[in-house]
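These notes concern the structure reproduced below.
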Amino acid sequence: MIQVFKPKLYFSDIFSATKALIKNDISGSSPLVNEFEEKFSSKFDRKFGVAVSNGSVALDLALNSINLKKGDEVILPSFTIISCLSAVIRSGATPVLCDVDKDSWNMTLQNIKNVYTSKTKAILMVHTYGLPSDAIAIGNFCKNEGLILIEDSAEAHGLNINNNKAGSFGLMSTFSFYANKHITTGEGGMILTDDEKIYNLLKQKRNLDFTNEDRFNHSNLYWNYRLGGIQAAIGISQINKLQKTINFKHQQGEIYQKLFSDLTDYLQMPLKTHDGVENDYWVFGLVIKKNNNRQKLVNFLSENNIQTRPFFWPLHKQKYFKESSSMKSVNLPVSEDLGKNGFYIPMGRHVSKKDQIFIKNKIDEFFVKNI
């Protein structure tokens with residue numbers, strides 16, 4: 001089976017983790033965690049970083065730290081991971097879902113304006129599948145309207161947006177270091193900010209509200225979302241390879257673009273660039289244009305030892321909302337089409353050019369048999 005993704009650890013990553021083990025630097029209080037935070041925040045042009053146990057809890061802490069109240073609305077795209085919706089709901093605010101652009105698969109300022117109201121307090125801007133949202137325009141809109149901007153950069157490690165790094169926008173930005181990310185620690189996440197007050201609050205919230213003065217007498221019921229020293233050690237090493245990883249993904253993406261160029265009547269490919277931003281191909285997504293036969297195709301590929309992954313299922317169509325009258329009336333056609341017809345194919349160091357050609361040939365074979 002050609003897997004849809006496979007993490008790549010280098011000897012230097014293993015050496016870094018081994019050194020942490022030898023020094024017993026394994027807990028969340030390891031100095032390696034601080035080193036990782038400082039190195040990562042510097043890499044993405046931020047003053048402060050707070051390492052946490054995964055990207056989902058990074059979103060939780062970010063949303064929980066901006067004093068949202070019942071009735072406050074947070075706009076986010078429907079076409080994204082469930083973690084974004086969960087974080088908004090757990091914050092006590094009301095999620096307001098917007099559609100995305102049909103070509104970039106990301107939220108635009110116009111998508112936001114379509115659902116913006118006087119109750120809107122924050123925007124959760126998510127970069128999806130290797131391209132950014134309309135970050136500059138959304139950032140300016142938030143400043144003009146007095147809105148809080150939180151940037152989810154879990155899938156955007158290394159994107160450069162008009163000479164601004166993904167992860168440098170808004171009050172806070174969040175990252176994931178899951179095994180399929182360009183920087184991985186297996187599991188793990190990070191929140192970045194330039195606001196020292198928010199930074200100190202985030203540190204308290206991720207660490208059970210411990211204080212130096214009266215450690216076990218707590219004023220708040222916060223969480224234990226710490227990252228361990230071994231993961232931090234791997235992360236420190238992985239940061240150094242980010243550009244190398246992106247360069248390799250660019251090469252793979254270009255090969256796929258050329259291979260699939262004769263199937264544009266049947267498949268929508270990812271944009272190579274969007275508003276001057278080069279796709280970093282976190283994944284290589286395809287959207288079936290005709291017959292809505294995605295499941296038949298992915299089953300065929302699986303039978304030929306090619307693993308795939310469906311696109312995100314739209315948030316407004318989640319089973320969670322099956323009894324919600326407010327979500328039944330939501331009409332977000334692009335998100336729905338992507339959810340029904342999109343999927344992505346294997347990418348990474350484990351996928352050779354020969355594998356890419358094999359995958360393309362099997363997709364050719366499917367369309368010949370089914371058109």
Side-chain angles (χ1 to χ4, degrees), residues 1-14 81 105 128-131 154-159 176-186 234 237-238 241-274 278-291 293-312 338 341-371:
M1 181 68 72
I2 306 174
Q3 294 172 256
V4 73
F5 80 90
K6 203 174 192 179
K8 173 63 178 177
L9 293 178
Y10 297 84
F11 174 78
S12 57
D13 302 326
I14 297 168
I81 189 72
W105 311 334
T128 304
Y129 292 168
L131 283 170
E155 300 174 10
H157 301 192
L159 274 184
S176 166
F177 305 128
Y178 182 62
N180 61 359
K181 299 302 192 293
H182 286 169
I183 294 173
T184 181
T185 60
I234 296 171
S237 177
Q238 282 266 307
K241 302 170 188 69
L242 176 58
Q243 194 56 52
K244 181 179 180 180
T245 298
I246 291 173
N247 290 344
F248 181 79
K249 285 290 193 76
H250 282 164
Q251 293 171 16
Q252 281 196 321
E254 283 301 311
I255 291 170
Y256 272 142
Q257 292 280 4
K258 290 174 183 177
L259 286 173
F260 286 103
S261 61
D262 62 342
L263 286 181
T264 53
D265 286 343
Y266 308 102
L267 293 170
Q268 178 189 351
M269 291 189 293
L271 297 176
K272 293 182 181 181
T273 61
H274 177 60
E278 189 174 4
N279 197 327
D280 72 3
Y281 295 111
W282 177 64
V283 298
F284 196 90
L286 297 168
V287 182
I288 293 180
K289 292 182 177 180
K290 299 180 179 180
N291 302 326
N293 56 2
R294 179 187 69 181
Q295 195 56 48
K296 193 173 180 181
L297 172 55
V298 299
N299 288 345
F300 175 78
L301 293 175
S302 180
E303 290 164 5
N304 286 276
N305 295 317
I306 300 167
Q307 187 182 47
T308 61
R309 188 71 56 85
F311 273 10
F312 295 130
L338 293 173
N341 296 309
F343 67 103
Y344 52 93
I345 55 180
M347 281 194 87
R349 292 279 178 182
H350 65 295
V351 179
S352 66
K353 185 175 181 180
K354 183 178 178 181
D355 290 331
Q356 292 183 273
I357 294 170
F358 173 74
I359 292 166
K360 164 58 165 57
N361 288 341
K362 286 300 173 184
I363 292 177
D364 275 342
E365 184 181 331
F366 173 82
F367 281 117
V368 167
K369 291 179 178 178
N370 292 275
I371 294 174

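FYI, side chains are in, hydrogens and waters are out, and symmetry mates aren't considered; it's all heavy atoms of this structure. Only a predicted model underlies this, so the values are computations on that prediction, with no experimental measurement involved.
Remark: the backbone N or O of P346 is not paired with any side-chain donor or acceptor of Q307 at under 3.5 angstrom. The main-chain N or O of L271 is found under 3.5 Å from a side-chain atom of N279 such that the two form a donor-acceptor pair. The main-chain N or O of P270 is found under 3.5 Å from a side-chain atom of Q257 such that the two form a donor-acceptor pair.
A distance of 6.0 Å separates OG1 of T128 from CZ of F312, quoted to the nearest 0.5 Å. Atom CD of E365 and atom CZ of F300 lie 4.0 Å apart (nearest 0.5 Å). Atom CE of M347 and atom NZ of K249 lie 5.5 Å apart (nearest 0.5 Å). Rounding to the nearest 0.5 angstrom, the gap separating the CZ atom in F367 from the CG atom in L297 is 5.5 Å. Distance CD/Q251 to OH/Y281: 12.0 Å, rounded to 0.5 Å. Here the NZ-CD1 distance, from K362 to I345, works out to 15.0 Å after rounding to the nearest 0.5 Å.
Within 6.0 Å of NZ on K353 lie no more than 12 heavy atoms contributed by other residues, nucleotides or ligands.
For Q295 and N299, the side-chain atoms include at least one donor-acceptor pair closer than 3.5 Å.
Evaluation of the ring pair (Phe, Tyr, Trp, His ring centres under 6.0 Å) rule for F343 yields no partner, not counting sequence neighbours. Scored by the side-chain hydrogen bond (donor to acceptor under 3.5 Å, both in side chains) test, S352 finds D355 as partners (sequence neighbours excluded). With sequence neighbours left out, E278 forms a salt bridge (charged side-chain N to carboxylate O under 4.0 Å, His left out) with no residue at all. For F311, the ring pair (Phe, Tyr, Trp, His ring centres under 6.0 Å) partners at least two apart in sequence or on another chain are F79, W105, Y129.
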Output a table of donor-acceptor pairs, distance under 3.5 Å, between side-chain atoms of residues 4-14 and any protein atom two or more places apart or on a different chain; print 'none' if there are none.
residue: Y10; atom: OH; partner: R349; partner atom: NE; Å: 3.4
residue: S12; atom: OG; partner: S237; partner atom: OG; Å: 3.4
residue: S12; atom: OG; partner: K241; partner atom: NZ; Å: 2.7
residue: D13; atom: OD1; partner: S237; partner atom: OG; Å: 2.5
residue: D13; atom: OD1; partner: K241; partner atom: NZ; Å: 3.1
residue: D13; atom: OD2; partner: Y10; partner atom: N; Å: 2.8
residue: D13; atom: OD2; partner: Q238; partner atom: NE2; Å: 2.9

Please output the side-chain donor-acceptor pairs of residues 258-267 that fall under 3.5 Å, not counting sequence neighbours, one pair per line with the distance.
residue: S261; atom: OG; partner: K258; partner atom: O; Å: 2.8
residue: D262; atom: OD1; partner: K360; partner atom: NZ; Å: 3.3

Apply side-chain contact (heavy atoms from CB on, under 4.5 Å) to S176 and E155, showing your working.
CA-CA 8 Å; S176 166; E155 300 174 10; over 6 Å; no
Please test M269 against Y256 for side-chain contact (heavy atoms from CB on, under 4.5 Å), starting from the C-alpha separation and ending with a verdict.
CA-CA 9 Å; M269 291 189 293; Y256 272 142; over 6 Å; no
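Using a 30° and 60° split on the angle between ring planes, H157 and F177 fall in the perpendicular class, above 60°.
The minimum heavy-atom distance between L338 and R294, with the atom names listed, is O-NH1, 4.4 Å. Across H350 and Q3, no two heavy atoms sit closer than the pair NE2-O, 2.7 Å. Taking both residues in full, the closest heavy atoms of H250 and D280 are given as NE2-CA, 3.7 Å, listed atom of the first, atom of the second, then distance.
Residue I359 forms a side-chain contact (heavy atoms from CB on, under 4.5 Å) with just one option from N304, T308, I306, and that option is I306.
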